[in-house]
Q: 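Handing you a structure now.
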There are 2 protein chains.
Amino acid sequence: MPLLLLKDLPRYECLLEAAKRYPALEPSACEVFLHLLRTGDEAFRVIEQHFQARGLSQGRFTVLMLLCDKTCGESHALTPAQLAEKAGVTRATMTGLIDTLERDKMVLRQPDPADRRQITVSLTPRGLAFLNDLLPEHFRRIASLLLVLSEKERRTIVRLLGKIAARAADEFPAAPAAEPAPPPPPATPPRAPAPRRISRPRRSRAA
Amino acid sequence: MPLLLLKDLPRYECLLEAAKRYPALEPSACEVFLHLLRTGDEAFRVIEQHFQARGLSQGRFTVLMLLCDKTCGESHALTPAQLAEKAGVTRATMTGLIDTLERDKMVLRQPDPADRRQITVSLTPRGLAFLNDLLPEHFRRIASLLLVLSEKERRTIVRLLGKIAARAADEFPAAPAAEPAPPPPPATPPRAPAPRRISRPRRSRAA
DNA sequence: CGCTGACAATTAGGGCCCTAATCATAATTG
DNA sequence: CAATTATGATTAGGGCCCTAATTGTCAGCG
């Protein structure tokens, strides 16, 4: 749950003090930065707290939401790769999330008859019911948290957050999203790949 | 690194659409919520990216900062419990962070002669040098990210974030901070605690 | 003194997220 | 058509964070 660390934010005077030692430190920027991380973390905690009481994690919640889709009501199936892409996690991580969800009977893995490399994941009735039971409180929490701001303030903060996010995205772009695989094929096969490991027979996940 | 999940934020029209299905959903509140988490995550990514290039994690960074203290320059020792408290993680987690930092020779564990239950953790010269080498770029990133906002905008966003954080703290208070231990002592010793596990001799951490 | 309870740090084990490697199955191509 | 390459899912192993034990030590008390 925690991400932020630092129970108490440093006071502004401390930042001013520290700035004397580090010329690169902009006290006002740091202040915004700390508040942003802190508040994001608090907001996250508010929903995580609710999820946790129902035995759910943010990651698994996202998967359920994606499967439920915007047209929430009728579930439509997706492949793990699509889910990973939409959720912004690696496929390996998605495998783990689906594992847990399947164990809890929230989703179902089904082989794709057309392409045997693929499988499709879909929501079970149980998963859909669980989600529909969960969502009202989820939305209530979000509303309760953010309606402290006036409508005008909400418009303002969305605008300012958007500016920061845009800056982050183009000044510090995320890594190439992984997955695309490495471009540099070694011109020369330097050495044998070394005996990796004894490969065991692939266990069926259902076993 | 990722926390947010959801690569693309739902559009506002989708929120309006979904609100028809879920009366509790306040589109405007949800919009702020998603932007907040997204932007917090982006900001986190910006510094995490830098840390990662230097083999550091946010948690370990926080420990180093705490040891360096505001008076950065002269290190002063703290106990793991104090560090955990200030950093807002459990003591068990702090043990792990210190383990890694000690392995990397960034900090030193020393026994407390007065109370043999305690140890103190202090920054090594190597740890201090590492931190001082790291910080300028750290602050540069923060400044670069947040100086896209004008001074007035920075004041505004700090105020609005503060409102949200305050609301979170008093509407959805965090759990009792753990550690304080459970109050209910069982009046009757119901059953033997069951043979937990064979206890192995406690290995010295230095071994 | 010997107990008992509180406290400090740690270990054990679980979840989530990552990267790198592995396996199975297409698709492509010489 | 066989060999290579690409693609999809998974496994293996690491880090961080958690909760629930477990061990060692201190402090109070009969």
Side-chain angles (χ1 to χ4, degrees), chain A residues 1-5 48 51-52 55-63 79-85 87-100 103 109 111-112 114-121 175 178-182 185 193-205, chain B residues 1-5 48 51-52 55-63 79-85 87-100 103 109 111-112 114-121 175 178-182 185 193-205:
Chain A
M1 220 204 293
L3 170 229
L4 202 236
L5 294 284
E48 187 82 338
F51 289 164
Q52 215 160 265
L56 200 60
S57 74
Q58 167 68 224
R60 297 202 301 275
F61 172 76
T62 300
V63 174
T79 69
Q82 290 170 330
L83 286 169
E85 161 67 17
V89 300
T90 64
R91 294 180 188 181
T93 295
M94 189 49 67
T95 293
L97 293 173
I98 295 170
D99 278 355
T100 307
R103 188 197 61 192
R109 278 184 168 101
D112 179 332
D115 185 338
R116 280 194 294 177
R117 286 173 304 183
Q118 287 190 173
I119 65 172
T120 64
V121 181
E179 237 60 81
R196 301 295 184 194
R197 194 181 301 106
I198 305 121
S199 61
R200 302 181 313 161
R202 184 145 172 196
R203 291 180 316 215
S204 165
R205 212 134 239 276
Chain B
M1 219 205 292
L3 172 228
L4 201 238
L5 294 282
E48 187 82 336
F51 288 163
Q52 214 159 262
L56 200 59
S57 74
Q58 167 68 223
R60 297 203 301 275
F61 173 75
T62 301
V63 173
T79 69
Q82 291 170 329
L83 286 169
E85 160 68 16
V89 299
T90 63
R91 293 182 188 182
T93 296
M94 190 48 67
T95 293
L97 293 174
I98 296 170
D99 278 356
T100 307
R103 188 198 60 191
R109 279 184 168 102
D112 179 332
D115 185 339
R116 279 193 295 175
R117 286 172 305 182
Q118 288 191 172
I119 65 171
T120 63
V121 180
E179 239 60 79
R196 303 292 185 196
R197 194 180 302 108
I198 305 119
S199 60
R200 302 182 310 163
R202 184 152 175 194
R203 291 179 315 215
S204 165
R205 212 136 240 273

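The chains referred to below are lettered A, B, ... by the order of the sequence lines, with proteins before strands, and numbering in each begins at 1.
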Q: Report yes if a side-chain nitrogen or oxygen of B:Arg91 is closer than 4.0 Å to either non-bridging phosphate oxygen (OP1 or OP2) of D:dT22; otherwise report no.
A: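 Checking D:dT22 against B:Arg91, no side-chain N or O comes under 4.0 Å of OP1 or OP2.
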Q: When you compare the side chain of A:Thr95 with that of A:Pro80, does any pair of heavy atoms fall below 4.5 Å?
A: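 No; the side chains remain at least 4.5 Å from each other.
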Q: Using side-chain hydrogen bond (donor to acceptor under 3.5 Å, both in side chains) as the criterion, list what pairs up with A:Arg116, not counting sequence neighbours.
A: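 Counting only residues at least two positions away or on another chain, A:Arg116 forms no side-chain hydrogen bond (donor to acceptor under 3.5 Å, both in side chains).
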Q: Could you state the interatomic distance from OG (B:Ser57) to CD (B:Gln52), rounded to the nearest 0.5 Å?
A: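 It comes to 9.5 Å.
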Q: Compare side-chain N and O positions of A:Arg116 against OP1 and OP2 of C:dA24 and report whether any pair is under 4.0 Å apart.
A: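 False: A:Arg116 side-chain N/O out of range (4.0 Å or more) of C:dA24 OP1/OP2.
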Q: With respect to the side chain of B:Ile119, which nucleotide from D:dC26, D:dT10, C:dA9 is positioned closest?
A: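 The listed nucleotide nearest to B:Ile119's side chain is C:dA9.
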Q: To the side chain of A:Val89, which of D:dG15, C:dC18, D:dA9 is closest?
A: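 The nucleotide sitting nearest to the side chain is C:dC18.
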Q: Using atom CG of B:Leu83 as one end and atom P of C:dT10 as the other, report the distance to the nearest whole Å.
A: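 Between P of C:dT10 and CG of B:Leu83: 11 Å.
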Q: Calculate the interatomic distance between A:Ile98 atom CD1 and D:dA9 atom P; express it in whole Å.
A: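 Going from CD1 in A:Ile98 over to P in D:dA9 covers 8 Å.
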Q: For B:Leu56, give me all partners under side-chain contact (heavy atoms from CB on, under 4.5 Å), at least two apart in sequence or on another chain.
A: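 Once residues adjacent in sequence are excluded, the partners of B:Leu56 under the side-chain contact (heavy atoms from CB on, under 4.5 Å) criterion are B:Phe51, B:Arg60, B:Phe61, B:Leu64, B:Phe130, B:Leu134.
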Q: Could you state the atom-to-atom distance from CD of B:Gln52 to P of D:dG14 in whole Å?
A: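 Distance check: B:Gln52 CD to D:dG14 P gives 17 Å.
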Q: Could you check which of C:dG15, C:dA9, D:dA9 has an atom nearest any side-chain atom of A:Pro80?
A: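 Out of C:dG15, C:dA9, D:dA9, the nucleotide with an atom closest to A:Pro80's side chain is D:dA9.
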Q: Please enumerate all residues that pass side-chain contact (heavy atoms from CB on, under 4.5 Å) together with B:Leu83, with sequence neighbours excluded.
A: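 Residues passing side-chain contact (heavy atoms from CB on, under 4.5 Å) with B:Leu83: B:Val63, B:Leu66, B:Leu67, B:Leu78, B:Met94, B:Ile98, B:Val121.
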Q: Where each residue is assigned the nucleotide of DNA chain C containing its nearest heavy atom, which of A:Leu56 and A:Asp115 is assigned the position nearer the 5′ end?
A: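 Looking at the nearest nucleotide for each, A:Leu56 comes out on the 5' side.
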Q: For A:Thr93, which contact category applies under a 4.0 Å heavy-atom criterion: base, sugar-phosphate, or nothing?
A: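 Result for A:Thr93 = base.
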Q: For nucleotides 3-6 of chain C, list the nitrogen or oxygen atoms of the protein found under 3.5 Å from its nitrogen or oxygen atoms, one pair per line.
A:
none

Q: What is the distance, to the nearest angstrom, from the CD atom on A:Gln58 to the C1' atom on C:dG15?
A: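 Taking atom C1' of C:dG15 as the reference, CD of A:Gln58 is at 14 Å.
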Q: Whole angstrom is fine here: how far is it from CG in B:Leu97 over to C1' in D:dC18?
A: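 Atom-to-atom, B:Leu97 to D:dC18, this comes out as 12 Å.
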Q: In whole angstrom, give the distance that lies between atom CZ of B:Arg109 and atom C1' of C:dA9.
A: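 Spelled out: CZ on B:Arg109 to C1' on C:dA9 is 9 Å.
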Q: Measure from CD on B:Gln118 to P on D:dG24 and round the result to the nearest Å.
A: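 Value for this atom pair: 18 Å.
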Q: For D:dC18, take OP1 and OP2 only and decide whether either is under 4.0 Å from a side-chain N or O of B:Thr90.
A: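 The answer is yes; a side-chain N or O of B:Thr90 sits under 4.0 Å from OP1 or OP2.
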Q: List for me each residue that meets side-chain contact (heavy atoms from CB on, under 4.5 Å) alongside B:Gln118, sequence neighbours excluded, and say none if there are none.
A: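 Applying side-chain contact (heavy atoms from CB on, under 4.5 Å) to B:Gln118 gives B:Thr79, B:Asp112, B:Asp115.
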Q: Tell me, please, which residues at least two apart from B:Thr93 pass side-chain hydrogen bond (donor to acceptor under 3.5 Å, both in side chains).
A: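 Checked B:Thr93 against side-chain hydrogen bond (donor to acceptor under 3.5 Å, both in side chains); matches are B:Thr90.
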Q: Can you tell me how far C1' of D:dT10 sits from CG of A:Asp112, to the nearest Å?
A: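 After rounding, the gap between these two atoms is 17 Å.
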